[in-house]
There are 2 protein chains.
Amino acid sequence: MMLSNSSKYAVKAVLYLALHSNEDHKIMVKDIAKPINVPQAYIAKLFQQLVKESIISSTRGPKGGFYLTTENKNQSVIKILNIIDGEKRLTSCMLSLEKCDEDKPCPLHAILSPSRNKIIENLKDKTLEELALDVKQGYSYLPL
Amino acid sequence: MMLSNSSKYAVKAVLYLALHSNEDHKIMVKDIAKPINVPQAYIAKLFQQLVKESIISSTRGPKGGFYLTTENKNQSVIKILNIIDGEKRLTSCMLSLEKCDEDKPCPLHAILSPSRNKIIENLKDKTLEELALDVKQGYSYLPL
DNA sequence: TCTTAAATATGATTTTTATCATAAAATATT
DNA sequence: AATATTTTATGATAAAAATCATATTTAAGA
Ligand code: FES
Ligand code: FES
C-alpha cells in the first residue's frame, strides 16, 4: 500500500533479527530468507544499505552474520522506511507528486492528510524492540 | 504514496472534467492533457477503462469528447482508485502482501490499520461533485 | 599461514509500470 | 455520400522496480 516491496522485506527481516539475534547470536542471511519468505539475494542487498546506515549490525567471516545491538533495537521503524524508500514516499502529495502543502492543498489532502500524519507519527514513535515485543507476547505475528 | 501514478492521473483528469464539462460541453482528451500536466496518450488509455466502468461518459466523432453526467458526478472517488489500481492496493496487509486480518495482525497493523480504515471511509464518502465544489470554492487546488 | 565461511560490492536479468504510437470505428457536418 | 474529427482498441517502446548471480573482501579456526 504505502510501502514498497523492498521496505516490506526490510521490515520483516529486521524484525526477524530483533526477535532472534543479539551480539552473541548472529544470523546468516541464508537462514533468514526461508522463515520470512524473501529471496536470499534480495535480503543481502537490502541489509547492505541498513548496515551502512547503522540500523543493523554485522560481522563477516566464519561465525559472522547479522544482528541487532541494544542501540539498534531502540531505533524507530520509520528509519527503515526512509532509508529504503526515501522520505518523500510517506510525505509527498497524493496527487501532484510534489509539495504537500496546507496552504495550497490538493482535493484529496483534507481526506487523507490527517490520517497519514497519524500513521507517520505512530511509525516514528515505535521502536523495533517494541514491535518485537508485541510479537513475542502474541499480540502480532511476523508474516511469511 | 498509496496511489499509483495511473490513479493519480485518473483522479486529476476526472476532477478536471467535473469542473469543466457537462452534457452540453464535452472536452477532448487533447485539451485536458496540458492543464493537468499528464501525457495525452496516457489519459486516453485511462479514460477508456473509466468509460467502460461508467465513471465518466463519452461520445465520439466531431463535437464529441468526455464529460460527466450528474449521475457520474455523484459517484465516490474511491471507485476510480479501485478500477485503476484494484481494491487490494488499499486494503491489503502492509507486510505480508495478503490478508490483512484483525485476528492475526502483522506487527504494523495496530500502527496503521485504524488510520488507513479512516482514509478508505473518507474516500468512500466523498463524491466527485463534492471534491469539485471544494476546488470551485477555493478550499483546494487541482495540481499540475 | 592456509582454508573456509561469511558479508560486501557490483552488475546482469527479469518483470512490472509508465509512456508512446497508430490503425480502426463512430458521428457530426457539408 | 464524403470528409473530418473524435474516441476506441491494440500493441510497441522506455523506464523503473524487483530479482538473480558472481567475484571480492574480511575474519575465524586449524
Ligand atoms: S497537498 Fe495533496 S496530499 Fe497534501
Ligand atoms: S495485518 Fe498487516 S496491515 Fe493488517
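In what follows, chains are A, B, ... by sequence order, proteins preceding strands, each numbered from 1.
For the pair A/His25 NE2 and C/dA6 P, the computed distance is 12 Å after rounding to whole Å. D/dT19 atom P lies 11 Å from atom NZ of A/Lys8, rounded to whole Å. Counting to the nearest Å, the C1' atom of C/dA28 and the CG atom of B/Asp24 are 16 Å from each other. Rounded to whole Å, atom P of C/dT8 lies 14 Å from atom CD1 of A/Ile43. Atom C1' of nucleotide D/dT10 and atom CG of B/Leu46 are separated by 15 Å, given to the nearest angstrom. Rounded to a whole Å, the CD atom of A/Gln40 is 12 Å from the C1' atom of C/dA7. Computed from coordinates, the A/Gln49 CD to C/dA7 P distance equals 16 Å when rounded to whole Å. Rounded to an integer number of Å, the gap from CG of A/Asp85 to P of D/dA18 is 8 Å.
Distances from the side chain of B/Arg60 to the nucleotides D/dT6, C/dC20, D/dA18 place D/dT6 closest. Closest to the B/Ser6 side chain, of the nucleotides C/dA18, D/dT8, C/dC20, is C/dA18. Nearest to the side-chain atoms of B/Gln48 among the listed nucleotides C/dT8, D/dA18, D/dT10 stands D/dT10. Considering only side-chain atoms of B/Val51, the nucleotide from C/dA18, D/dA21, D/dT8 that sits closest is D/dT8. The A/Pro62 side chain lies nearest to D/dA27 when the options are D/dA18, D/dC20, D/dA27.
Under the 3.5 Å distance criterion, with hydrogens and angles disregarded, a donor-acceptor pair is assigned to the side chains of A/His109 and A/Ser113. A donor-acceptor contact closer than 3.5 angstrom is absent between the side chains of B/Asp134 and B/Ser140. B/Thr127 and B/Asn74 share no side-chain donor-acceptor pair at under 3.5 Å. Side-chain atoms of A/Tyr42 and A/Ser6 include a donor-acceptor pair closer than 3.5 Å.
If you check distances only, the side chain of B/Lys45 does reach the base of C/dT19 with a donor-acceptor pair under 3.5 Å.
Taking OG1 from B/Thr70 and CG from B/Asn22, the interatomic distance works out to 8.5 Å, rounded to the nearest 0.5 Å.
For D/dT19, the OP1/OP2 oxygens have a side-chain nitrogen or oxygen of A/Tyr9 closer than 4.0 Å. A/Thr59 has no side-chain polar atom (N or O) that falls below the 4.0 Å cut-off from OP1 or OP2 of D/dA27. For D/dT6, the OP1/OP2 oxygens have no side-chain nitrogen or oxygen of B/Ser58 closer than 4.0 Å.
Using a 4.0 Å heavy-atom distance criterion, A/Phe47 is classed as making no nucleic acid contact.
Open room surrounds CD on B/Glu87; 12 or fewer heavy atoms of other groups in view lie less than 6.0 Å from it.
A heavy-atom distance below 4.5 Å is found between the side chains of A/Leu108 and B/Leu131. Proximity of A/Tyr9 to A/Ile43: side-chain heavy atoms (C-beta onward) are nowhere separated by under 4.5 Å.
Within residues 27-37 of chain A, no residue has any heavy atom under 4.0 Å from DNA chain D.
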